[in-house]
Number of protein chains: 2
Amino acid sequence: MDTETDPPRRGRPRRGQEPLSRKRIVDAAMALAEAEGVERLTMRGVAKRLGVDAMSLYNHVASRDALLDAITEAVLAGLRLPAPSGDLAADVRAVAHAFRRSALRHPRCVPLVLTRQLDAPAALGPTEAVLAVLDRAGFPPERAVHALRTSLAFLVGSLLREVSAGPAFSGADVEGAGRRETELTASGLPHVVAAAPHLAVCDHDAEFAFGVDALVAALEAARR
Amino acid sequence: MDTETDPPRRGRPRRGQEPLSRKRIVDAAMALAEAEGVERLTMRGVAKRLGVDAMSLYNHVASRDALLDAITEAVLAGLRLPAPSGDLAADVRAVAHAFRRSALRHPRCVPLVLTRQLDAPAALGPTEAVLAVLDRAGFPPERAVHALRTSLAFLVGSLLREVSAGPAFSGADVEGAGRRETELTASGLPHVVAAAPHLAVCDHDAEFAFGVDALVAALEAARR
DNA sequence: ACCTGAACACCGTTCAAGT
DNA sequence: ACCTGAACACCGTTCAAGT
């Protein structure tokens, strides 16, 4: 009958849409994760975003788990680290802030990156960069690996807190902070009560800066 | 009809099994998580372990998410912290090791505890303990909160690495370490190659000890 | 009051069939 | 070669019904 009653339903790209590809799938998955959270990142959901049948995805990614790995890789690939200058403090700061900056570009994907094995080949670039900094600062290889892992632990813990704390805590949510402070005060625990106003809010920038200072001090001390 | 025949009403405990309760459910859930991992912790699975229908669980916990919260609480409740002695280094070490020890009692539940909001009321005990240590060491409340968060970030990152690294890396898995080392060497990244033998293995005890030393140094430096 | 069966609206994934 | 529909074996959760 008529030739255009339905949107073109076939293996052909609809409406000049480019064909399915691993990259398009990963991009859509990241967008979905960013919009709804990783726990709601579903094969069927990704497929719908691409206007495609869920099963079609399996031509390009092996499984949901492989897709999560691909996202991890993509996030890590966005990490650009400067060449070391030779000044330990400056270099550590630069690495830490670069790490945080690229993490916060995909906040809701961060738990994925931090929770999965960070030793995947994709993470070797950052590893090399940090080891280079530590080498320049005089760390022999074995101590450098220890220092690397301690630094990573701090960064992972910091970023995990920041991204999973949600938008409350940012200082903007005055009402939430107030409610929280009365909760803390109600606990009756003396030091918690005394620190309640500070515990009730969290300025992530300042918090990270404090932590990085501490990390620098620790590495300076561990250098010898 | 309506006699005093109301007494022990139950779903008829099979074979002297005690009746369902929130505690029994949480215990079974932790055991299941420990045996199969949190991602396979399923309402139906927990119910099966208890010889009960899945829907019965909802009489005692509101949802799967509430059950995960209950597990988090139970793990945190197992944390026993010593009273502060006044010596910052000794006290920080004591807290860190107590934290790790109780985490490793339920290794596969740890990601849960670390990933969920650590500010739940259940976490106030540990918070109080750390603040007490920092107060004794001379930190005014605001700085103490910064120091607390930095310490927590390090602990969270360290424990997350340890529990999700799996049993490989422990040094026992010589074959895995060998395979891993050749992988690292193949990367061609100069510092990674130079450090490959150390990157290929991870002695969690030694690693944690190094990190705690660094943390102590950082806190000593931040004290003034 | 507590437990259950059936049912709903989802999942990831396999497979044979289409083009 | 790539995409699809139907199907399988699961999920969490609701609800009305049993005791």
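Keep in mind that the numbers below use all heavy atoms, side chains included, and drop hydrogens, waters and symmetry copies. First the proteins, then the strands, lettered A, B, ... as listed; each starts at 1.
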Are any of the side-chain nitrogens in B/Arg108 or B/Glu34 under 4.0 Å away from the carboxylate oxygens of its partner? no
Does the side chain of B/Ser56 get closer than 4.0 angstrom to OP1 or OP2 of C/dT4 through an N or O atom? yes
Take the protein atom OH of B/Tyr58 and the nucleotide atom C1' of D/dG12, then report the distance between them rounded to whole Å. 4 Å
Which residues pass the side chain to side chain donor-acceptor pair (under 3.5 Å) test with B/Arg100, sequence neighbours left out? B/Glu162, B/Asp205
Under the side chain to side chain donor-acceptor pair (under 3.5 Å) test, residues paired with B/Asp53 that sit two or more places apart: none
How many whole angstroms separate atom CG of B/Leu41 from atom P of D/dC10? 17 Å
Check the distance between C/dG12's P and B/Glu39's CD and give it to me in whole angstrom. 15 Å
Without decimals, in angstroms, what is the distance between B/Leu32 CG and D/dG12 P? 10 Å
Paired stretches of DNA chain D - 3 or more consecutive Watson-Crick or G-U pairs, each distance under 3.5 Å: C:4-8 with D:12-16, C:12-16 with D:4-8
Can you check whether B/Thr72 reaches B/Leu68 side chain to side chain, under 4.5 Å on heavy atoms? no
Quick one: list whatever passes ring pair (Phe, Tyr, Trp, His ring centres under 6.0 Å) with B/His191, sequence neighbours left out. none
Enumerate the protein-to-nucleotides 17-19 of chain C contacts in which both atoms are nitrogen or oxygen and the separation is below 3.5 Å.
none

Report yes if the side chains of B/Leu159 and B/Leu114 come closer than 4.5 Å at any heavy-atom pair, otherwise no. yes
Could you give the CE-to-C1' distance, from B/Met43 to D/dT14, as a whole number of Å? 13 Å
Within this structure, what is the CZ-to-C1' distance between B/Arg40 and D/dC11, rounded to whole angstrom? 14 Å
Who passes ring pair (Phe, Tyr, Trp, His ring centres under 6.0 Å) against B/His97, sequence neighbours left out? B/Phe208
Residues in side-chain contact (heavy atoms from CB on, under 4.5 Å) with B/Ser187, at least two apart? A/Leu124, B/Leu189, B/Val192, B/Val193
Evaluate the side-chain proximity of B/His106 to B/Ile71: yes if any heavy-atom separation is below 4.5 Å, no if none is. no
Given atom NZ of B/Lys48 and atom P of D/dG12, what is their separation to the nearest angstrom? 12 Å
Sequence-distant partners of A/Lys48, salt bridge (Lys or Arg N to Asp or Glu O under 4.0 Å), two or more places apart: none
If you take any heavy atom closer than 4.0 Å to DNA chain C, which residues from residues 59-69 of chain B end up in contact? B/Asn59, B/His60
Can you list everything that forms a ring pair (Phe, Tyr, Trp, His ring centres under 6.0 Å) with A/His198? Sequence neighbours excluded, please. none
Answer yes or no: does a side-chain N or O of B/Thr42 lie under 4.0 Å from OP1 or OP2 of D/dC10? no
Taking atom P of D/dC2 as reference, at what distance in whole Å does atom CD1 of A/Ile25 sit? 11 Å
Between the side chains of B/Arg49 and B/Asp27, is the shortest nitrogen-to-carboxylate-oxygen separation below 4.0 Å, so that they form an ion pair? no
Closest non-hydrogen atom pair, B/Val38 against B/Arg64: O-NH2, 3.4 Å
Report all interatomic pairs (protein N or O, nucleotide N or O of nucleotides 5-9 of chain C) with separations under 3.5 Å.
from, atom 1, to, atom 2, distance (Å)
C/dG5, OP2, B/Asp53, OD2, 2.8

Salt bridge (Lys or Arg N to Asp or Glu O under 4.0 Å) involving A/Glu36 - partner list, sequence neighbours excluded: A/Arg40
